[in-house]
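Take a look at the structure below.
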Amino acid sequence: MPDFTQAELAAIGLSLRIALTAVAAALPPAILVAWLLARRDFPGKALLDAAVHLPLVLPPVVVGYALLLLLGVRGPLGAWLEAQFGIRLVFTAAGATVATAVMVFPLLVRAIRISVEALDPGLDEAARTLGAGALDRFFTISLPLIAPGILAGAVIAFAASLGEFGAVITFASNVPGETQTLPLAIYAATQSPGGDATAAKLAAVSLALALGGLVLAEAIAKHMRKRFGR
Amino acid sequence: MPLLDFRMTQGAFALDVKLDAATGGVLALFGRSGAGKTSIVRAIAGLARPTAGTIKIAGRTLFDSAAGIDVPATQRRIGYVFQDARLFPHLRVAANLRYGQARAGRHGKGIEFDAVVDLLGLRDLLARHPFGLSGGERQRVAIGRALLAQPDILLLDEPLASLDAPRKAELLPYLDALHVRTKVPIVYVSHALDEVVRLADTLAIVDGGRIAACGALADVMSRLDLRPLVGRFEAGAAIDTTLLRHDAAYALSYLAFGDSEMAVPQIEAEPGAFVRVRIRARDVLLATQRPEGLSARNVLAGHVVDLIPETGAYAELAVVVGGQRLVARITRAALDALDLALGSPVFAVVKAVAVERIVRSRDSSGRNAG
């Protein structure tokens, strides 16, 4: 076990905290959007679908720049947030979390949408005839059945969150202890003389976390398949 | 029981359903695939919405377009057993069974968990997940789940259709007992006449989105004008009889109906049992004089009450014997040679071995008579 400096530990801790918060915050809207895309027909559906996928295909720097325009101190939403609630996102951990959440949102939606599409609508009908209302059906039938998709998506999104770089550095900048997550710390280390050891250690941590996440996701999916017999 | 009078469109298919089956018991909706049977039960359950009309079940108005009534499916208290069972895959059998029961709330009918588990033979399955069950076991669980939701009526939508022959044979005895033991009225959807003859008290024939006929099973079965809808091969009479006695020496049983009796291969039941027999039209011979020296055990005196001389090789006749209608299919040549007409006295000859026998419980006999 290599020794970590205070700053390195701070970067690791911040990364985990931001990744967890970003995934947790993105999850409810991702379930809603996945549900809409899988089950509903409405005008502008293709547009919503495209908008959700934009962070996946745009350069992350562009996403960060768009967030800056929208949520920056002079951005329409950013100015309102600051005036109403005193919330400033730029250069803060909250800002890094928002940027991360936006970047992993499409990963969540895709994973959840697949399980919503695989959900037999007949089960919902059966639950209706058994007297279960809409919310009741969602929490007792649909949610447990799409849980494997949600969990798998969340773990992948968590792993991806740990590596988010472009959008975070563009929108939230590279402030040690505030917005300097693992990849940003690695980048900073490679830019400073004598930072090689730090870069190597943090890269190893990144690798371990990402690998652990993927293995965990697969284990969860396998367990769920076994339980539901699918 | 259902009182239906509604119009509905399903894509390009239009339904115009008028049905008044006030008798209770088991009502069969019989018809070909695509006749609209499933659409009708979906409308009853509130899973499909008629464009206009009324749906009344067990005295409750569930849908009335004129009055703006459309009770949601969740409030209808209609037990629906789907063709594909639709068990919740993440719940064990016990939790599936209790799903509807837990939501039945105040309108309990006293249909109890243990009684249903015993009735449907589910005791050994309770701790299992649905994916490990056979098709027949799944349907039994689905029936139990629907029953425990304390429904006013139970809709069974082709519960045997997706099962192979051994699984069907395994499930049928449970279906026999279902109404008798629970007293919940049943609507049984099927395109298989043998299931309908075995289970139904009332028969409604569905054709092209309409109810072509509805009445007591024996009456509808022996109507000659419905032949094309029932299918020529399957056509025949269903007669409800009482087991009189056994003839152990020859392994025969004697059945009484009206003032006639009939010999059939021995039946495993006590004298007094209620036995429904099915005699296919193609298995009935007609004679104008009592035939002698015949191997057939049953020569039944009656007279012709209905007659359809077709243009092809066949003629269809309905003959009243002992107050019950038999249906016979003979050649048109024989019809002319014997000079048969409405009211002609005839002897109907039925081979004992050609009679299909279904033992039904006393309860359903009593209800049938009432």
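Order of the sequence lines fixes the chain letters, A, B, ..., with proteins taken first and strands second; residue numbering starts at 1 for each chain. Since this is a predicted model, take the numbers as computed values, not measurements.
The pair B:Asp20-B:Lys18 does not count as a salt bridge, with every side-chain nitrogen at least 4.0 angstrom from each carboxylate oxygen. By the 4.0 Å N-to-carboxylate-O rule, B:Arg42 lies close enough to A:Glu125 to be salt-bridged with it. Of the charged side-chain nitrogens involved, at least one lies within less than 4.0 Å of a carboxylate oxygen, so that B:Glu170 and B:Arg167 count as a salt-bridged pair.
The list of side-chain hydrogen bond (donor to acceptor under 3.5 Å, both in side chains) pairs with a residue in residues 49-58 of chain A, not counting sequence neighbours, reads A:Asp49-A:His53, A:Asp49-A:Arg113, A:His53-A:Arg110. Among pairs with a residue in residues 144-156 of chain A, none fulfils salt bridge (Lys or Arg N to Asp or Glu O under 4.0 Å), at least two apart in sequence or across chains.
Between chain A and the options B:Ala102, B:Ala104, B:Ala73, the largest number of non-hydrogen pairs under 4.5 Å is found for B:Ala73. For the options A:Thr129, A:Thr140, A:Ile141, heavy-atom pairs under 4.5 Å to chain B are most numerous at A:Ile141.
Between the side chains of B:Glu158 and B:Ser190, no donor-acceptor pair of N or O atoms lies under 3.5 Å.
The interface of residues 74-86 of chain B with chain A, defined by heavy-atom distances below 4.5 Å, comprises B:Thr74, B:Ile78, B:Tyr80, B:Phe82, B:Arg86.
When heavy atoms are compared at a cutoff of 4.5 Å, A:Ala134 does not approach chain B at all. Residue contact with chain A, scored on non-hydrogen atoms closer than 4.5 Å, involves the backbone of B:Leu87 exclusively.
By the 6.0 Å and 45° rule, A:Arg137 does not stack over the aromatic ring of A:Phe139.
Residues meeting the side chain to side chain donor-acceptor pair (under 3.5 Å) test with B:Asp5, sequence neighbours left out: B:Arg7.
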